[in-house]
Amino acid sequence: MLNLAKIIVDVPTMQTNEPYTYQIPDFLNEQLEKGMRVIVPFGNGSRKVQGIIWEINHDGKFDGKLKAIESVMDLEPVLNDELLLMSKWMANKTFSFQISCILTMLPSVMRAKYQKQLKLVDDIDDENVAKIFSKSKIVDFNPEEFNKDILRKILSLKKKNKIEIKYNVKNKAQSKKILGLKPNIFDNDIDKELSSLRSNAIKQKNILYYIRDYPNKIISQRKLCKKYDISESAVKTAVNKGWFKQFQMEAYRNPYKQPVKRNYPLKLNADQSNAVIQVGNSIDNNNSKVFLLEGVTGSGKTEVYLQAMQKALAMGKTALMLVPEIALTPQMANRVKGRFGDRVAMLHSGLSNGEKYDEWRRINNGEADVVVGARSAVFAPLKNIGLIIMDEEHDTSYKQDDTPRYHTRDVAKWRAKYYKCPVILGSATPSLESRARATKGVYSLIRLPHRINNQSLPDVKIIDMKNELINSGDEDFSSELLSAIRNRISKGEQTVLMLNRRGYSSFIMCRTCGFVLKCPNCDISLTLHMDTKTMKCHYCGHEEPIPYKCPNCHDKKIRYYGTGTQKVQKKLQKLIPNAQIIRMDVDTTRRKGSHERLLQEFGQGNADILLGTQMIAKGLDFPNVTLVGVLNADTSLDLPDFRSSEKTFELLTQVSGRAGRAEKEGLVYIQTFNPDNYAIQLSRQQDYEKFYRTEMNIRHITNYPPYYFTVKITASDINESKAAAKMFEISKILKAKLSDQTIMLGPSPSSILRIKNKYYYQIIIKYKNEPSLHACLEYILQHYQKDAQKGLYVNIDPNPLNFM
DNA sequence: AGCACGCCGACT
DNA sequence: GTCGGCGTGCTC
């Protein structure tokens, strides 16, 4: 009879991907609960790692030697039963380690920091090693900082017990502490103090009045000062006199910089109220249905979300709303915040790690029952969820592109099943996968085919740039678009211009010999960055100066190729000198909050034109925008990706939806070299249903999703032939097991062969029904352990976003 | 991951 | 002989 705990340790390997049993020491027996983080010894020596309690067993047996849990990191569990259970499912589904899943579910500050230290125990004769301890007997130890020789010496000294290696597990999760005040003087004593004060000691009197009014209230020092106009030194005097007890109290950081205006439910049209009723019924009946809400841009999907959430809250349940990347849609965030106020917690990339932790704690403590956030918010520790919403469900940012490669939609559906609540997947252009499921009856389709207030859809004109190039010689701006922009400026209306950068880079090419400057580590061309005056690699971050002559043929005719936002901005400014242009791309929005600031400036009418990349296509709602121009619609058509038409259609439909959202009518120009392409033609009418049918036909003929499921298997190694050999080995195993209806592509080198000096080879499997595939892939993973230690990595991506 | 153990060739 | 390289296996 022992007190035992099963722990998932933070050692992400296949061999340790199961709970390890530890003894619970008596001093922790009362404290420990399932879902808490602990520190446990692991392996030989004094190594310690973080772990999560998976199970507690008070009369357990275990044969074999046991180690004891060393300490606990939490006062409350950080994972509830639901999330613990989900981590297991997720690990299985995404072919990753359970500990990796657990750690992605938690705010990043809860990931322990491991730090090694060297401790000098005895005198040592080696000068070079002794130097390390010149300042102190205990020093931080990062093996990378030392050469092999010294490391060897350190190791041998350790064996002789002259040096100890200490392992520290540090908890980074730290709450913000502020000074708190607790009244420490009562009734008669207050009057006594009051009478002994000098008559001009007004501040001291006010403090005593305050204490008399709120004798038991704890207040932060800052709040007291601000509210009663008292200086810090006055408070200090009061503390010295013993009126207050001063102490450190926990506080939440406040991530909301500006106050949000309150808003109220709007009147719904027939389609919208039908949607709210259907979802509401499902909430009432504890029915975990998935609704696909297909609504044209401007059809009022957001109001449906808000009122459906209202229903869930009215039943005492919580609501989770997911958006692509909240920093991209501050307007949406403010709308939810304005409707539900302090009950809302926000989780997005714009917050600091500390702010994210605080928002997470507010949710975990039940202080927030509405959560709005991007991908990782799907793991928000809400209990009793009544509704999950996924806005823009087709958006690719919902899929994490490194391990664990989960799709937010799958996690959302899992949680909905657990809580028996509905999911709304909303979009103007649903993913083909989701739309096809609606056709099959797996999801319930709700359509919002009309814009609210019966606004007409914007008039979309397609401009053939082949003709334009012949006539005016300009490949960026057609004369029609230019005159439309000038016309808006003269009327005081605004224009949004989008430069489609997907699959497009401004690289440098020699016009004499055709040389293209590439990254020395990755097989990819370097991108020109005018702000830093350097060439950068977008994969590994390599940076070098802009060449002024060709490194290959030494000719000076080396120029940039392709169009960057900066170049377009310069050109446009020349063409229309009086235009006020705001440029929005990765470079101008890198700093925290700059995205919101630029949008706000544009919204206040401080500029005529908003010029940007795809980031301007989503969710913006500016009533004064009456013209939208897409400068190059087709760059994303040319990508070697079976989803390129779908992506192009989505992008054009979304950006067109930015025009004419109020009374004024909208006009959209789409410039393209492929004016007859169906994705471009159909986006003109915003005819999603027709696009869906056309594209499904093509997918059917070409054997692509949603007609097939896909899996991508990748092997990477510094040595190209090793990666290739591994993939051929895997393909042999697969060929033997898979049915003949399954299609296997490869093994082939990935389209970007080399990233960060590693070579990539891949296999794509396309299958319809392959019940043994999952087990087979697990088997492959089990058998690559030895390779992983040598730097040969095998990766499995179920339902990959692309085949590159 | 991080460490020890054990087998092998190269060397004072 | 033995030092240091590297492949292999184990961690409750």
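This is a predicted model, so every value here is computed, not measured. Convention: sequence-line order gives letters A, B, ...; per-chain numbering from 1.
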What nucleic acid atoms does K158(A) come within less than 4.0 Å of, heavy atoms only: base, sugar-phosphate, or nothing?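 Sugar-phosphate contact only.
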
At under 4.0 Å between heavy atoms, what does Y22(A) touch on the DNA or RNA strands: base, sugar-phosphate, or nothing? sugar-phosphate

Test of understanding: with ring pair (Phe, Tyr, Trp, His ring centres under 6.0 Å), list the residues that count as partners of Y419(A), not counting sequence neighbours. none

Interatomic distance, [X] [atom1] vs [N] [atom2] [rounded to whole Å]:
X	N	atom1	atom2	result
L66(A)	dT11(C)	CG	P	12 Å
F42(A)	dG2(B)	CZ	C1'	10 Å
D10(A)	dG2(B)	CG	P	10 Å
L151(A)	dG4(C)	CG	P	13 Å
R47(A)	dA4(B)	CZ	P	11 Å
N44(A)	dC10(C)	CG	P	12 Å
K48(A)	dC12(C)	NZ	P	14 Å
Y114(A)	dG2(B)	OH	P	10 Å

Pairs where residues 108-137 of chain A contributes a residue and the test ring pair (Phe, Tyr, Trp, His ring centres under 6.0 Å) is met, not counting sequence neighbours: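 Sorted pair list comes back empty.
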
Indicate the ring-plane relationship of Y398(A) and H407(A), choosing parallel, tilted or perpendicular according to the 30° and 60° boundaries.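 The rings of Y398(A) and H407(A) sit tilted, inter-plane angle from 30° to 60°.
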
Salt bridge flag under 4.0 Å for residues K399(A) and D410(A):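 Not counted as a salt bridge, because no side-chain N and carboxylate O are separated by less than 4.0 Å.
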
Check ion pair E55(A)-K34(A) (N to O, under 4.0 angstrom):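 No, this pair does not count.
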
Any side-chain donor paired with an acceptor under 3.5 Å for Q117(A) and N168(A)? yes

Between dA1(B), dA4(B), dT11(C), which nucleotide gets closest to the side-chain atoms of Y20(A)?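 Selected nucleotide: dT11(C).
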
Phosphate-side-chain proximity, [X] and [N], N/O vs OP1/OP2 below 4.0 Å:
X	N	result
R152(A)	dG5(C)	yes
K153(A)	dG4(C)	no
K65(A)	dC12(C)	no

Given V9(A), which partner from the list I99(A), V40(A), V38(A) fulfils the side chain to side chain contact (heavy atoms under 4.5 Å, CB included) test?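 Result: among I99(A), V40(A), V38(A), V40(A) is the only option passing the side chain to side chain contact (heavy atoms under 4.5 Å, CB included) with V9(A).
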
Expected output is a numbered-order residue list: members of residues 87-108 of chain A with a heavy atom under 4.0 Å from any atom of DNA chain C. What is it? none

